[in-house]
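Working notes for the structure below.
From a predicted model like this one, the values you see are computed outputs, not experimental measurements. Note on naming: letters A, B, ... go to the chains in the order of the sequence lines (proteins, then strands), and numbering restarts at 1 for each one.
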Amino acid sequence: MGHWLMKSEPDVFGIEDLAKARRKTTHWDGVRNYQARTYLRDGMRVGDLAFFYHSNCDEPAIVGIVEVVRAGYPDHTAFDANDAHFDADSDPKQPRWFMVDVRFTRKLARPITLATLRNHSAGALKGLALLRRGNRLSVMPVSVAHWKFILGLA
DNA sequence: GCCAACGTTGGC
DNA sequence: GCCAACGTTGGC
């Protein structure tokens, strides 16, 4: 089973939005980065777990856990000219952008802040993609060891 | 193929 | 709001 971290801006779509969503499930659409796309398309499997991370906000932090309930399939918003993530060059016959469906599992008792994670950047969390300088990936893998350690921080 | 310019991300 | 870092674009 794979482990991941998925970023979302709480002002746009936060953990509370997912918890309130129908069937507590959402399409993870709008990712327009090739590396993240490849993780969505080829890496994520049904049953994988992911940390839900709040980015670009007052307190960047891991706030919850979600489960992948549908593996990668074409992101239809790329074909919708009215969508903010429309990609005119994307061909429906050969989709460029993919998404998965994720379902709310639980919120953490308290958020694990980016600052807390950084405290371990040279130790137990060495190599965690989230802590790479200038990291802009919105979907990234988390090793089992890192996953367990982070859960222990909660 | 190089690389400068640009738009975006995201922490602070 | 600022700005560093990054990915993408497009001229050459």
Side-chain angles (χ1 to χ4, degrees), chain A residues 2-21 26-44 48-66 68 71-102 104-143 145-147 149-154:
Chain A
H3 298 85
W4 307 88
L5 183 145
M6 305 172 85
K7 290 180 186 171
S8 191
E9 300 187 20
D11 290 348
V12 178
F13 190 87
I15 189 85
E16 300 297 342
D17 296 304
L18 183 58
K20 283 183 299 196
T26 194
H27 313 259
W28 204 266
D29 63 82
V31 173
R32 297 292 181 266
N33 167 283
Y34 285 102
Q35 194 175 353
R37 180 283 310 269
T38 301
Y39 290 138
L40 290 167
R41 187 189 61 188
D42 306 333
M44 300 179 92
D48 284 1
L49 299 178
F51 287 129
F52 194 112
Y53 177 85
H54 280 171
S55 67
N56 202 11
C57 56
D58 285 348
E59 190 181 70
I62 292 171
V63 294
I65 295 172
V66 302
V68 176
Y73 62 106
D75 179 348
H76 57 79
T77 66
F79 312 126
D80 178 358
N82 296 317
D83 192 278
H85 300 288
F86 175 61
D87 178 2
D89 297 331
S90 163
D91 176 4
K93 293 197 183 68
Q94 200 147 25
R96 173 182 296 177
W97 305 116
F98 284 72
M99 59 187 181
V100 298
D101 289 356
V102 297
F104 176 85
T105 297
R106 64 184 175 93
K107 276 176 66 175
L108 299 182
R110 55 195 173 87
I112 305 169
T113 65
L114 179 60
T116 297
L117 295 168
R118 281 200 200 289
N119 286 338
H120 304 279
S121 61
L125 294 181
K126 191 174 171 60
L128 182 70
L130 180 71
L131 301 180
R132 263 206 331 266
R133 205 170 60 102
N135 168 53
R136 294 171 57 182
L137 271 181
S138 59
V139 177
M140 67 198 86
V142 176
S143 73
H146 286 163
W147 179 272
F149 181 81
I150 292 168
L151 279 183
L153 295 171

Could you check how far OH of A:Y34 sits from C1' of B:dT9, rounded to whole Å? 18 Å
Write down the distance between CZ (A:R37) and P (C:dT8), rounded to a whole number of angstrom. 10 Å
Ignoring backbone atoms, test whether A:R133 places a side-chain nitrogen or oxygen under 4.0 Å from the OP1 or OP2 oxygen of C:dA4. no
Kindly say if A:K7 contacts the phosphate of B:dT9, meaning a side-chain N or O under 4.0 Å from OP1 or OP2. no
Sub-6.0 Å ring centroid separation between A:Y73 and A:W97: no
Starting at CD of A:E9 and ending at P of B:dT9, how long is that distance when rounded to a whole Å? 7 Å
Would you indicate, yes or no, if B:dT9 has its OP1 or OP2 atom less than 4.0 angstrom from a side-chain nitrogen or oxygen of A:Y53? no
Could you tell me whether the side chain of A:H54 and the main chain of A:I15 form a donor-acceptor pair under 3.5 Å? yes
Is it true that atom CG of A:D58 has more than 12 heavy atoms of other residues, nucleotides or ligands lying nearer than 6.0 Å? no
Rounding to an integer number of Å, can you tell me how far A:R32 CZ sits from B:dG7 C1'? 16 Å
Report the distance from atom CG of A:N135 to atom C1' of C:dA5, rounded to the nearest whole Å. 11 Å
How many Å lie between CG on A:D87 and P on B:dT8, as a whole number? 14 Å
Separation of B:dC12 C1' from A:R118 CZ (nearest whole Å): 10 Å
Taking the nucleotide of DNA chain C with the nearest heavy atom to each, does A:N56 or A:N33 sit closer to the 5' end? A:N56
Do the side-chain N and O atoms of A:R32 and A:S90 include a donor-acceptor pair separated by under 3.5 angstrom? no
Quick one: A:L130 CG to C:dA5 C1', roughly how many Å, whole number? 15 Å
